[in-house]
S.K.: 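Let me give you the structure first, and then I'll get to my questions.
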Amino acid sequence: MPYSTEVDRKWQKKWEETKLYKFNPQNIDKKLYCLEMFSYPSGAKLHLGHWYNYGLSDTWARMKRMQGFEIFQPMGFDAFGLPAENYAIKTGVHPQDSTYQNIETMERQLREMGAMFEWDHEVITCSPEYYKWTQWIFLELYKSGLAYRKEAPVNWCPSCQTVLANEQVVDGACERCGTEVTKKNLTQWFFKITEYAQELLDKLEELDWPEKTKKIQTNWIGRSEGAEIEFKIENKDLSFRVFTTRADTLLGVTYVVLAPENELVDKITTDENRKAVEEYKEFAKKQTEIDRLSTTREKTGVFTGAYAIHPITGEKVPVWIADYVLATYGTGCVMAVPAHDERDFEFATKYNLPIKRVIKGEEGQVDELPYTEYGILVNSGEFDGMSSADARVNIVKKLEGESKGELKVNYRLRDWLVSRQRYWGAPIPVIHCEHCGIVPVPEKDLPVLLPYDVEFSPDGESPLKKHEGFMNTTCPKCGAKALRDPDTLDTFVCSSWYYLRYPDNKNNEKAFDTEWINKMLPVDKYIGGPEHAAMHLLYARFITKALRDAGHLSFDEPFKSLVHQGIILGPDGNRMSKSKGNIVSPDEYIAEYGSDVFRLYLAFGFAYTEGGPWSDDGIKAIDRFVGRVERIVDRVIELRKESSTDEIRKDEKELNYARHYAIKAVSEDTEKFQFNTSVSRMMELVNALYKYDQETELKNVKYMEGIIADLLRLLAPFAPHLSEELWERLGYSYSIFNESWPAFDEAALVKDIVEMAVQINGKVRGKVEVPSTADEKEIEKIALEDKKVKEYINGKEIKKVIVIKGRIINIVVK
RNA sequence: GCAGGUGUGGCGGAAUCGGCAGACGCACAGGACUUAAAAUCCUGGGUCUGAAUAAGGCGUGUGGGUUCAAGUCCCACCACCUGCACCA
């Protein structure tokens, strides 16, 4: 039958019945773990982005299979999370019901894609069998001291009366109602990812990841080398430390600034200044995200009335508070050097604080204040004349002797806030007991089940808090009445370990078997969107390292090699969105053309990592190409009945060249996820076959058929159903995916005669044919004797002749 | 503001280490087949000057540079995109 969705269904059924793609653990030595970022079942359907990600990853994996690898390619669902809950608030449909319904639809669509997914290994993060182990991981981290609780400001929407996740804050406003988001202090759970900051940075080097992504992580971790320097408070037994990268400017300090939230503030504020300080703290707290993000905003602050003692000069410097100092970075205190820092300069100018130059530029350099470059120290006593680079070390060394300072590395990375005051997530498995404090739920009592009958309309409190049956429990330690933790885990926790569960998803005893997982992991190829560069990919790396240190696995990095697919835009060149009405939905196209045509278009129409605008004409072109392949297969079947030769003549050699050129290029390009050029090379091979059919009177039909068979082997990963169908039509045995990937013959790629361009003074003026065996001298001779070339060089002096074998001849004349 | 990326025909996009720019395809034009159309098959093509299958000029965001040779390397700039954003 001609290619259609019927063909798709026929082969999907057969593949499933014969369990063709089932991973065989016996072949563990050839295992290849190919993983795509699993999908979030919020929309009811699979969208184009899923197809682009999964379809072409499957193409890559299929080639690898044919090259002899044992492929493990699982699929699952990242099923907890806010969209399902928001949908529930809007429509009243329970998140669990809508989620499982969406999963069902998406599973069906994923099957229709015809990928090799191991459905036996599916994981769904909202199922108790899965989140039991998410909770277990939380407890493992708690045991290792990597999970802790502290009060922290969280995003708060005053209109919805609820806490928002960072992703829900769009440009400082609530994603749902547009109200400006403020901060609210709540006691929250954190994972101590900062403890791994250095390793997360160091190990990036050895990963086969896009450089861009590594750069994003490097910036996100934000390592900064500097020093901590201690200042004492005048007349009090109190001190604080500042973090600075410019210890060389220490002698230029004219005041110091604490973050308004710093706990020292209350202790040092004088009575005269207390009112102003309290007011300012209140003002700082009310700052909305929008205000804070505004870069044009003027700096504000107030004097506390207290003075600090300069650690070197012993001078008094005023202590201010200002919200340009962040409580969460460094020590939450800074030394202000207005002469050499733009922010301090602006602040000092506004509040009439002294400005003292301590660095001057090199001779002749413009060094107007604020001068933030390195230079030579002045006004710095014993350090005068020293370079900034030397001074920033020497000054700290001097302080070190008096234990008033030390060199220090700081990171921009913050600990990961994992608790959410939301319903649709994994409950945090701890119990709060009046007598024993925080008590982890014993492993045997896991999972802490998420109850179904919960009122989840938002009113600022965790929905679980209102569920008495859930909240009330007994303390596992002392047996007294106790309460459960009402918060749920950030969904990024669920997705930070799913790749560990896939290979051992049925394990009831453990999250995974250590020995087995050490064989199956790390993931050999991970494919997904670049939007996860900082969050998911960093969290997953952290969880892997934490579990390694807890003794549960023995590898350092979860994803050896990473590829990001690009984004497919609407036909108008804009990002697809409902409001723009430019959404392309895969289903209609698949119904019309079949899933292979759809996949093949995705492969051919875009540079994989770039993406680009969708085009209906493009998919039609692929439909035509598929027709051409089908017709040439039918043609050769017909030719079997006609007379044939066994000779390998010039035409056969030419056709063979096209074959091996295609094999080589498709192998190399597909390996690199360059699907578009791979398809181009197959088109060229098809064109060559048509030419042979058209122009060669008496054909070597056997030879032609052999080349068509190779074409189908190359095409199989790109158009699995079609290729399987045509393979069968040719009478070959099931399945084409048990065939091995064709190898190319270097000898077939060597032509007897090659054409080379001849340049005169860098411009192409002619072409010559030279035997491929000719050496440079001979090539030069042939070129110089060429009639056309002679005309150009006639009467001119030949200065130089450059011959690049197989490429070009350049004759320089005067 | 800082960091990174991109810029190539009417369009999607190719071009390994600096070596014939525009592979492959779309759209377009011409031809074959057909009563006709569609489909199919073949041919053409960066652009400008030329009747031209003659010859030549100009061409990879802009301006310089290195080189026998630059889309590719170096310097400066422009536009768009992404990430971070008072990080001391």
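Order of the sequence lines sets the chain letters (A, B, ...), proteins ahead of strands, with each chain counted from 1.
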S.K.: What is the distance, to the nearest angstrom, from the OH atom on A:Y608 to the C1' atom on B:G13?
M.R.: 17 Å
S.K.: Out of B:G13, B:G19, B:C84, which has the shortest distance to the side chain of A:R807?
M.R.: B:G19
S.K.: For the side chain of A:E684, starting at C-beta, report the closest nucleotide among B:C20, B:A23, B:G13.
M.R.: B:A23
S.K.: For a quick check, tell me whether the side chain of A:D617 and the base of B:C26 share a donor-acceptor pair closer than 3.5 Å.
M.R.: no
S.K.: Report the residue (A:G612 or A:T328) whose heavy-atom-nearest nucleotide on RNA chain B is the more 5′ of the two.
M.R.: A:G612
S.K.: Classify the ring geometry between A:Y351 and A:W320 as parallel (under 30°), tilted (30 to 60°) or perpendicular (over 60°).
M.R.: tilted
S.K.: Going by atom types alone, do A:N687 and A:R628 pair a side-chain donor with an acceptor below 3.5 Å?
M.R.: yes
S.K.: Considering only B:A88, B:C41, B:C86, which nucleotide approaches the side chain of A:T244 most closely?
M.R.: B:A88
S.K.: Going by distance alone, is a donor N or O of one side chain under 3.5 Å from an acceptor N or O of the other, for A:S224 and A:N410?
M.R.: no
S.K.: Compare side-chain N and O positions of A:S224 against OP1 and OP2 of B:A88 and report whether any pair is under 4.0 Å apart.
M.R.: yes
S.K.: Given the side-chain rings of A:Y255 and A:F347, with only the six-membered ring counted for Trp, is the space between their centroids under 6.0 Å?
M.R.: yes
S.K.: Hey, what are the protein-to-nucleotides 1-6 of chain B N/O distances that come in under 3.5 Å?
M.R.:
none

S.K.: Should the ring pair A:Y52 and A:Y608 be called parallel, tilted or perpendicular, given that the plane angle runs from 0 to 90° and is split at 30 and 60?
M.R.: tilted
S.K.: Any side-chain N or O of A:Q674 less than 4.0 Å from the OP1 or OP2 oxygen of B:U16?
M.R.: no
S.K.: Measuring to OP1 and OP2 of B:C68, would you say a side-chain N or O of A:N761 lies under 4.0 angstrom away?
M.R.: no
S.K.: Please state whether the phosphate of B:C20, meaning OP1 or OP2, lies under 4.0 angstrom from any side-chain nitrogen or oxygen of A:N810.
M.R.: no
S.K.: Nearest to the side chain of A:Q759 - B:G13, B:C20, B:C84?
M.R.: B:C20
S.K.: For A:Y601 versus A:S615, what's the shortest heavy-atom pair and its separation?
M.R.: OH-N, 3.1 Å
S.K.: How long is the line joining NE2 of A:H532 and P of B:G83, in whole Å?
M.R.: 13 Å
S.K.: For the side chain of A:S680, counting heavy atoms from C-beta on, which of B:C20, B:G83, B:C24 is nearest?
M.R.: B:C24
S.K.: On a plain distance test, is the side chain of A:R681 in donor-acceptor contact with the base of B:A23 below 3.5 Å?
M.R.: yes
S.K.: When you compare B:G9 with B:G22, how far apart are their C1' atoms, in angstrom units rounded to a whole number?
M.R.: 7 Å
S.K.: Atom CD1 of A:I568 and atom P of B:G12: how far apart are they, to the nearest Å?
M.R.: 14 Å
S.K.: For B:C26, give the paired nucleotide (Watson-Crick: N1-N3 plus N6-O4 or O6-N4; G-U: N1-O2 and O6-N3; both under 3.5 Å), or none.
M.R.: B:G10
S.K.: Under a 3.5 Å cutoff, is there a donor and acceptor pairing between the side chains of A:S678 and A:D669?
M.R.: no
S.K.: Does A:K788 or A:K800 map to a spot on RNA chain B nearer the 5' end, using the closest nucleotide for each?
M.R.: A:K788
S.K.: Which of these nucleotides, B:A14, B:G25, B:C86, is closest to any side-chain atom of A:Y324?
M.R.: B:C86
S.K.: Counting only side-chain heavy atoms from C-beta out, which of B:C41, B:A23, B:C20 sits nearest to A:R631?
M.R.: B:C41
S.K.: Would you say the side-chain atoms of A:Y280 pair up with the backbone N or O of A:T300, donor to acceptor, closer than 3.5 Å?
M.R.: yes
S.K.: Quick one, which residues of residues 618-629 of chain A touch RNA chain B with a heavy atom under 4.0 Å?
M.R.: A:A621, A:R624, A:R628
S.K.: With a 3.5 Å cut-off and heavy atoms only, can you find an N or O donor on one side and an acceptor on the other between the side chain of A:K799 and the base of B:C68?
M.R.: no
S.K.: A:Y324 vs A:D344, test: side chain to side chain donor-acceptor pair (under 3.5 Å). Steps then yes/no.
M.R.: CA-CA 10 Å; A:Y324 79 89; A:D344 298 343; 2.8 Å; yes
S.K.: Round to a whole Å and report the spacing from CZ of A:R412 to P of B:C84.
M.R.: 8 Å
S.K.: A:Y690 side chain: which of B:C41, B:C24, B:A85 is closest?
M.R.: B:C41
S.K.: Please check if the distance between the ring centroids of A:W51 and A:Y589 is under 6.0 Å.
M.R.: no
S.K.: Can you check salt bridge (charged side-chain N to carboxylate O under 4.0 Å, His left out) on A:E791 and A:K788, steps first, answer last?
M.R.: CA-CA 5 Å; A:E791 278 172 34; A:K788 223 175 148 193; over 6 Å; no
